[in-house]
**Q** 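Quick one: the structure is below, and I'll ask about it shortly.
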Amino acid sequence: MATIIIDCKTYEVPLGKNVLETCLNLGFDVPYFCWHPGLGSVGACRQCAVKVFKDADDKKGRLVMSCMEPVVHNQHLAVHDADTIDFRKQVIEWLMTNHPHDCAVCDEGGSCHLQDMTVMTGHHERRFTFNKRTYKNQDLGPFLNHEMNRCIQCYRCVRFYKDYAGGKDLDAYASKNNVYFGRAEDGVLENEFSGNLAEICPTGVFTDKTLKEHYTRKWDLTMSPSICQHCSVGCNTIAGERYGALRMIHNRFHEKINGYFLCDRGRFGYEFVNAENRIKQPSINGDVVERTELETRLEKIMKSAKVIGIGSPRASLQSNFALKTLVGEDNFYHGVSDHEHDLAELAVRILKDGPVRTPSTKEIEKSDAIFVLGEDLTNTAPIVALAVRQAVRQDLSGEPEKIHIQGWQDAARKNLQQQRKMPLYSATIHETKLDDICTSANYATPEDIARLGFAVAHCVDHNSPAPEHFPEALQVRARSIANGLLAAKNPTIISGAGCASSAVMKAAANVAIALHKNGIVVGLTYTMLECNSMGLTMIGGHRLSAAFNAVINGHADTLILLENDLFRHGSFAEVGDFLARCKNVIVLDHTKSDSTDRASVVIPAGTFAESDGIIVNNEGRAQRFFQVYESTESIQESWRWIINIGKTLQHPKLQTWQNFEDISKAMASEEPMLQNIDEVNPAVDFRIVGQRIPREPHRFSGRTSMHAHIQVSEQKPPTDDDSPLSYTMEGTRIQPPSAMIPFYWSPGWNSVQSVAKYQHEVGGSLKDGDSGIRLLEANAASSLVYFQGIPEAFVPLEHHLWIVPTYHIFGSEEMSAKSASIQKRIPTPYLLISAVDANIYHLKEQDIIKVSIANISYSFPIKINRNIPVGMAALPYGLCDAPINALPEWGIVETSPLTELHDYVRKTKVQH
Amino acid sequence: MSETKTIQFSEETMATVQRLIKRYPEGRQKSALLPLLHIAQAEFDGWLSPAVMDYVAVILSIKPIEVYEVASFYTMYNLNPVGKCLIEVCQTGPCWSRGSDDIVEHFEKKLGIKVGETTSDGQFTLKTVECLGSCGTAPMLQCGGDFYENLTNDKVDTLIEKLRANGQRSTYMKDNRVM
């Protein structure tokens with residue numbers, strides 16, 4: 001701790017921070033632009049000037065940039081001194097000379113850091129009478145709008161995009177008054193985290209293009225704390241609505257998960273909520289029906305039928321649990337392919353019964369060595385990939401400390417660090433976006449990835465089984481990876497369901513357990529395929545194949561399908577046959593799918609935006625998402641529909657449930673793995689000084705007139721029976737608990753930077769701590785032993801390709817793939833094969849290959865890759881009409897090979 | 001400008017380029033970017049077209065955008081075609097107080113162009129620059145690697161004649177001083 005004196009008042013503050021952070025923590029409003037808690041300081045904008053005095057007698061002092069000045073003991077500072085105030089005002093005036101006066105038509109207006117800072121410094125009159133500099137803007141693709149005239153040259157965009165996120169196609173050009181931030185030419189910003197530029201940019205240079213489609217000022221949005229539903233990481237988001245349409249997703253700070261950033265799938269995937277193919281009314285055999293008719297019909301069906309229920313990994317715990325209760329435990333089936341379920345169950349078992357803790361994303365960022373097995377993180381769990389990049393960027397050499405460079409001194413640290421980075425080992429089926437920072441990148445089939453993993457584990461601890469006939473060259477590699485991991489203090493092993501191989505996940509577990517036995521504090525992360533894969537596994541349920549058999553054998557004739565397109569989890573023929581055999585197929589879903597097309601009864605379920613729910617992320621953290629708005633259509637949460645059905649049937653349990661709280665309490669008492677789940681929920685009657693937490697900012701406009709076309713007199717706003725939030729601007733202005741922050745705002749801070757006012761210290765944890773509870777903790781008394789069953793080495797088969805799934809951030813996830821902006825980024829279907837195989841079959845890039853998988857012929861245009869193993873092919877998940885759930889599987893190649901070349905390649909391969 | 005000219009360093013230049021690249025450790029070839037751009041500019045008509053910058057990127061195994069970023073930052077790299085002689089008149093304080101404005105005006109009259117323009121015969125481009133570090137001999141200008149100092153209108157006339165008669169392209173590469 002240090003004693004510092006600011007404006008003649010004494011404060012006790014921690015050492016190791018810069019003066020700007022320290023002042024902000026103490027509540028001083030020091031304006032700034034280029035500094036960002038996630039990016040550190042470079043001193044580019046000159047806005048945060050304060051005065052430093054030599055000692056108590058120094059009356060003159062000198063101006064310094066507070067973001068570049070370390071805190072020292074007995075430091076005398078002035079924030080509100082005439083010179084500093086004047087200087088900061090001048091800086092804003094310089095910055096504003098070229099900034100257009102277009103706030104009224106700028107998307108950033110009302111949530112603009114530049115606006116806030118201009119007001120804060122007091123500059124209000126334009127003295128600059130010359131022409132403003134103007135630029136040509138670029139088309140940056142479907143996500144971001146570019147308006148360079150507004151730029152104030154703070155360099156935050158390139159620092160985030162290039163340094164933090166590893167982007168390669170955004171740069172700064174020219175100098176002085178002509179600095180330009182953009183791509184080399186018009187075109188899509190390629191990095192998967194580009195959307196963050198809309199929040200990183202302190203003004204309106206980069207703005208959300210999807211919001212522009214249905215623009216609303218921040219203060220006119222109804223907002224709720226939500227959880228991203230587009231992968232298993234569970235990033236915290238703010239979802240905003242107006243006029244019954246979801247308008248935007250913003251980042252919601254969670255220290256342990258997403259920090260300040262979201263991936264583009266999470267930020268722009270929301271448009272599926274407003275899509276044309278939403279189900280808005282109940283229908284029976286394709287005809288829209290009234291609610292009463294639906295209820296009568298459901299009652300009739302349910303009373304006479306043998307009903308089974310199929311749950312979903314993308315539905316909330318509440319909805320899955322309600323269905324399980326309605327149909328009974330014996331008749332509840334989890335809704336994923338058996339293979340996918342086995343992988344999720346394996347992950348839960350290892351993390352619950354094993355001795356190794358699963359780390360949060362934040363902890364991954366601090367790892368000093370990382371080993372990724374089989375997972376293309378950028379495409380399956382993007383925020384984890386971003387965390388891995390930060391881990392690798394760390395400089396733990398001790399060099400910066402030796403010459404007194406502190407962590408926040410970004411430019412100096414980078415200069416000193418040069419190429420030095422933390423070790424990242426990866427073994428994947430093909431190149432990934434993290435390869436540019438890898439110490440060693442290995443490309444292999446899932447079997448060989450698993451064998452490498454087992455070999456590494458064996459090198460770490462000889463009690464762990466070793467693969468047989470393991471080539472010496474690979475053994476050397478395994479040893480070097482093992483040595484790298486053994487040299488680390490807190491390494492992390494990352495794997496997941498991505499390459500659909502339990503052997504790979506077991507190998508990862510063995511590596512982690514072996515390191516743990518060596519006394520190393522190791523973390524083990526598994527990424528899953530869907531947002532609630534973990535939660536669904538914890539609720540349990542019978543296998544999907546058993547559901548098919550139940551209907552085939554006549555044990556059941558009616559199916560209730562919960563928020564699930566079964567065709568993504570089983571082969572087209574099998575699922576089609578199953579649905580056709582059911583006498584009644586009742587589907588609860590929010591979006592049309594092949595499954596809803598075959599349903600006799602379709603019930604309009606709410607998306608995350610129209611629902612309350614809890615989902616469990618890959619860390620085993622249960623998190624609550626809050627309904628954003630009440631739909632004007634017949635849409636409601638699946639669990640509420642199920643409670644209604646239960647009531648008409650006088651179901652003993654369901655008829656006692658009234659709201660979200662009741663169902664959560666029941667779940668906590670009945671589900672052994674979800675015992676603490678109701679702690680995630682704030683009590684419905686939670687109030688702050690007797691008031692609810694408003695979803696709308698106090699400046700919300702149009703309330704009395706926005707529904708005038710329906711009824712001139714203002715209607716009563718809906719009441720929220722499931723949470724302590726209100727649907728209006730009425731309520732407390734006191735900061736709510738972390739899990740219930742619907743938006744960030746503080747007097748004078750209208751932009752996203754206001755999150756600082758909700759944190760203990762800027763960039764640190766929220767005042768109320770982190771939200772969500774972890775359901776999976778390592779078991780110190782674990783009896784989990786090393787996994788055996790090492791697969792045989794992969795051997796290519798003539799005329800065959802071993803087809804494994806691969807993933808795309810845009811396209812592989814079901815819901816975001818229905819978002820209009822995301823759709824523009826989805827690649828065309830393809831089969832990825834090696835250059836050797838392309839030669840064998842005499843194919844060029846984009847030629848069509850014919851492959852038969854499980855006796856059905858498919859044609860794919862090929863993409864050729866140098867690094868993918870020979871004899872293996874990768875098929876993108878969710879992009880093609882192919883039985884992706886059946887992978888990995890041998891495909892018989894029906895395109896005829898060139899015999900001579902074929903023989904030649906095989907021979908050289910054997911010699912090699 | 002001869003757009004059809006293939007973009008390829010001569011063998012001799014390529015040897016120099018390789019020597020420069022070898023100065024830096026493996027994987028850090030980008031460090032040789034500044035001298036390479038000067039060489040490229042001298043070799044390809046005194047300016048860096050996107051095609052030339054892409055060529056340099058290929059030599060250094062970096063992305064073209066990394067070359068654009070650097071090339072656009074420095075004023076000594078021309079991103080648009082220039083005349084054979086690039087006249088850079090200093091207009092910073094000392095030269096200005098010694099009449100650099102008049103010198104510029106005289107050039108404009110004499111060449112029939114404004115600052116930033118090129119004569120129709122492609123011979124001269126007129127540019128104003130900031131301090132070139134020769135304040136003791138103000139007003140002054142730079143043409144390629146040469147300084148012309150204590151300028152007067154008469155001296156300017158003589159200089160124009162001399163440069164026109166010379167017919168050589170001006171280059172900063174004189175005596176390899178940028179390397």
Side-chain angles (χ1 to χ4, degrees), chain A residues 42 44 131 133 135-136 138-141 146 148 151 153 155-163 165-191 194 197 392 411 414-421 433 435-441, chain B residues 7 21 23-34 36-38 40-41 47-82 88 90-93 114-116 127-132 172:
Chain A
V42 288
N131 284 341
R133 155 220 72 187
Y135 292 115
K136 198 167 161 277
Q138 292 179 327
D139 181 354
L140 298 177
H146 193 221
M148 259 308 291
C151 182
Q153 291 93 34
Y155 284 76
R156 262 193 194 184
C157 55
V158 285
R159 288 175 60 217
F160 168 76
Y161 195 87
K162 289 171 68 183
D163 300 352
K168 309 250 186 283
D169 60 333
L170 181 82
D171 244 320
Y173 309 92
S175 57
K176 297 181 286 182
N177 232 357
N178 297 314
V179 175
Y180 187 89
F181 297 96
R183 281 174 46 87
E185 53 194 346
D186 280 22
V188 172
L189 273 176
E190 287 158 12
N191 191 271
S194 66
L197 293 178
V392 175
K414 247 171 57 190
N415 268 336
L416 182 67
Q417 185 174 11
Q418 294 291 320
Q419 312 290 84
R420 191 165 49 226
K421 55 184 200 253
K433 285 274 188 92
D435 287 0
D436 63 332
I437 49 166
C438 267
T439 314
S440 82
Chain B
I7 296 163
I21 293 173
R23 280 183 186 170
Y24 305 100
E26 186 67 31
R28 314 292 291 275
Q29 308 91 323
K30 192 184 172 183
S31 307
L33 181 54
L34 292 182
L36 250 66
L37 286 176
H38 274 300
Q41 182 164 281
W47 72 292
L48 299 168
S49 66
V52 167
M53 291 191 277
D54 292 354
Y55 174 62
V56 171
V58 169
I59 293 176
L60 294 174
S61 315
I62 57 178
K63 290 201 179 282
I65 192 170
E66 297 177 72
V67 181
Y68 305 161
E69 183 191 30
V70 171
S72 64
F73 181 82
Y74 295 101
T75 51
M76 281 165 79
Y77 298 126
N78 303 310
L79 301 184
N80 288 303
V82 290
E88 295 175 298
C90 175
Q91 56 163 11
T92 309
K114 295 274 169 213
V115 169
K127 199 176 157 186
T128 54
V129 294
E130 298 306 331
C131 188
L132 292 168
Y172 300 124

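Just so we're on the same page: letters track the sequence lines, and every chain starts at 1. Reckoned from all heavy atoms, side chains included, excluding hydrogens, waters and symmetry mates.
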**Q** What's the spacing between B:I21 CD1 and B:R23 CZ if we round to 0.5 Å?
**A**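 That separation rounds to 11.0 Å.
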
**Q** Distance from B:Y172 atom OH to B:L37 atom CG, nearest 0.5 Å?
**A**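 Those atoms lie 13.0 Å apart.
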
**Q** Test side chain to side chain contact (heavy atoms under 4.5 Å, CB included) on A:L140 and A:L197 and set out the steps.
**A** CA-CA 12 Å; A:L140 298 177; A:L197 293 178; over 6 Å; no

**Q** How many angstroms lie between CD in B:Q41 and CG in B:L36, if you round to the nearest 0.5 Å?
**A**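 Here the rounded value is 12.5 Å.
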
**Q** Put together the list of donor-acceptor pairs under 3.5 Å connecting chain B with chain A, please.
**A**
from: B:R28; atom 1: NH2; to: A:Q418; atom 2: OE1; distance (Å): 2.4
from: B:E69; atom 1: OE2; to: A:K162; atom 2: NZ; distance (Å): 3.3
from: B:S72; atom 1: OG; to: A:A174; atom 2: N; distance (Å): 2.7
from: B:F73; atom 1: O; to: A:S175; atom 2: OG; distance (Å): 3.2

**Q** Provide the closest heavy-atom pair for B:C131 versus B:C90 in the form atom of the first, atom of the second, distance.
**A**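 Where B:C131 meets B:C90 most closely, the heavy atoms are CA-SG, 3.8 Å.
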
**Q** Check whether B:E88 reaches the backbone of B:M76 with its side chain - one donor and one acceptor, N or O, closer than 3.5 Å.
**A**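 No; judged by distance alone, with no hydrogens or angles, the pair does not exist.
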
